[in-house]
Amino acid sequence: MGLLCPFIKKEPNIRLDRFLANQGFGSRSEVQKLIKKRFVKVNDKEVKDPSIHIDPLKDKITVEDEDVEYQENFYFMLNKPSGYITATYDENYPTVIELLTDEPIKDRLFPIGRLDLDTEGLLILTTDGQLAHRLAHPKWNIEKEYYAIVEGDVSKIDFSPFEKEGIYLKKDKYKTKPFKVKVLSSSKEESKILITVSEGKYHIVKKIMQSLGHPVKYLKRIRMGNLKLDKNLEIGNYRPLTEEEIKNLKNLVNLE
Ligand code: URA
């Protein structure tokens, strides 16, 4: 007796106020007020002590008689606008986190991968460190697809060798991983392309296109792995990922 079976996941035990704050019911002090006002019940009993410990997997917690559904992690898709920095804190620019205005747990979120200040499009924000780490890790070769407008006419370029070999970026002394380009339209002034890379190196798309003599004028990420940017999500808006989307992302990197 007393031995812990190594195959049983240790169930979390957490202070009530911390648990409710994590679940998005406000800051620790706001949640403490809720508890003091007797709005919170644990297993159908009113509680007044915010420091009691509960087990979110076993105990029934209600706030104003509404069940609190335990969610371990949070996942959002943001359609990032230009002018926001992909960071949780910055002295000079507004951060992508600031766009999640209505999200009580926004201070726990961090972005997966980076988009440049002037890049738009799909950014995943989560509290799930393990998923974030894996999706960003080079080992998993997660594809990132971008829509780009570049200077000049690219219609004469044969992009097919890059699908096997990547390209050598002289300035960086760096050989990229293989990447794919599909030309959507081109004129003398500019071309519209889809470009799919599978690495997270800083400015990778801009560097590739610059090295081919066609600097990027506009860049927007439209896909990451199997997750596409929701066409109904307006620029600057966000939404939670669906269960299906979370499952598909986790499958990509052998989680669950
Ligand atoms: N490549 C870039 O050059 N910029 C981005 O923001 C993302 C990929």
Side-chain angles (χ1 to χ4, degrees), residues 76-90 92-100 109-126 131-152 154 157 159 162-163 165-184 186 190-230 233-238 249 252-253:
F76 294 94
M77 158 191 304
L78 169 72
N79 187 352
K80 177 194 173 296
S82 170
Y84 285 78
I85 195 152
T86 310
T88 51
Y89 170 80
D90 194 80
N92 302 311
Y93 297 99
T95 71
V96 289
I97 303 292
E98 289 169 41
L99 290 162
L100 280 80
L109 294 170
F110 47 85
I112 304 188
R114 271 186 65 113
L115 290 178
D116 295 339
L117 187 66
D118 60 353
T119 301
E120 295 180 356
L122 175 64
L123 193 65
I124 305 170
L125 296 147
T126 185
L131 180 69
H133 180 72
R134 291 209 185 174
L135 284 176
H137 197 285
K139 164 181 158 182
W140 298 96
N141 272 326
I142 301 298
E143 285 191 344
K144 272 108 16 190
E145 186 174 4
Y146 296 83
Y147 167 79
I149 304 179
V150 300
E151 285 180 21
V154 299
I157 301 177
F159 287 102
F162 305 132
E163 291 186 21
E165 293 156 21
I167 194 171
Y168 184 70
L169 302 173
K170 262 196 211 144
K171 271 195 196 157
D172 294 76
K173 299 193 177 72
Y174 174 76
K175 177 102 181 295
T176 73
K177 287 187 179 176
F179 63 91
K180 272 184 256 168
V181 173
K182 182 175 177 200
V183 180
L184 300 174
S186 53
E190 63 178 34
S191 304
K192 294 178 179 158
I193 62 169
L194 294 176
I195 175 165
T196 305
V197 297
S198 59
E199 59 197 302
K201 200 175 159 55
Y202 195 50
H203 293 331
I204 188 72
V205 173
K206 288 177 185 165
K207 283 180 175 169
I208 289 172
M209 294 313 297
Q210 178 83 42
S211 78
L212 292 168
H214 297 275
V216 169
K217 300 203 289 185
Y218 171 80
L219 192 60
K220 175 179 190 166
R221 182 153 66 195
I222 56 169
R223 179 172 65 86
M224 186 157 174
N226 49 28
L227 183 71
K228 286 188 180 161
L229 177 65
D230 186 331
L233 200 60
E234 287 188 16
I235 192 105
N237 285 0
Y238 68 95
L249 279 175
L252 266 187
V253 290

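Whatever order the structure lists ligands and atoms in, that order sets their numbers, starting from 1.
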Quick one: does Asn237's side chain get under 4.5 Å of Asn79's, heavy atoms only?
no
May I ask you to test the Lys182-Phe159 pair for a side-chain heavy-atom distance under 4.5 Å?
no
Decide whether an N or O pair under 3.5 Å exists between Thr119 and ligand 1.
yes
Please report whether ligand 1 has a polar contact with Leu115, defined as an N or O pair separated by less than 3.5 Å (distance criterion only).
no
Mark yes when over 12 heavy atoms from residues, nucleotides or ligands other than His203 sit less than 6.0 Å from its NE2; otherwise mark no.
yes
Neighbour count above 12 (heavy atom, 6.0 Å) for Lys180 NZ:
no
Does ligand 1 come near enough to Tyr146 that some N or O of the ligand is less than 3.5 Å from an N or O of the residue?
no
among protein heavy atoms, the one nearest atom 4 (N) of ligand 1 is Asp116 OD2, 2.8 Å
Can you say whether the rings of Phe162 and Phe179 are parallel (under 30°), tilted (30 to 60°) or perpendicular (over 60°)?
parallel
The protein heavy atom nearest to atom 1 (N) of ligand 1 is Val205 N, 3.1 Å
Test of proximity, His203 against ligand 1: N or O pairs below 3.5 Å
yes
With a cut-off of 4.0 Å, which atoms of ligand 1 are near a heavy atom of Ile204?
1 (N), 2 (C), 3 (O)
Mind checking whether Leu249 and Asn226 have side chains closer than 4.5 Å, heavy atoms only?
yes
Contact region, Leu219 to ligand 1, non-hydrogen atoms below 4.0 Å, reads side chain
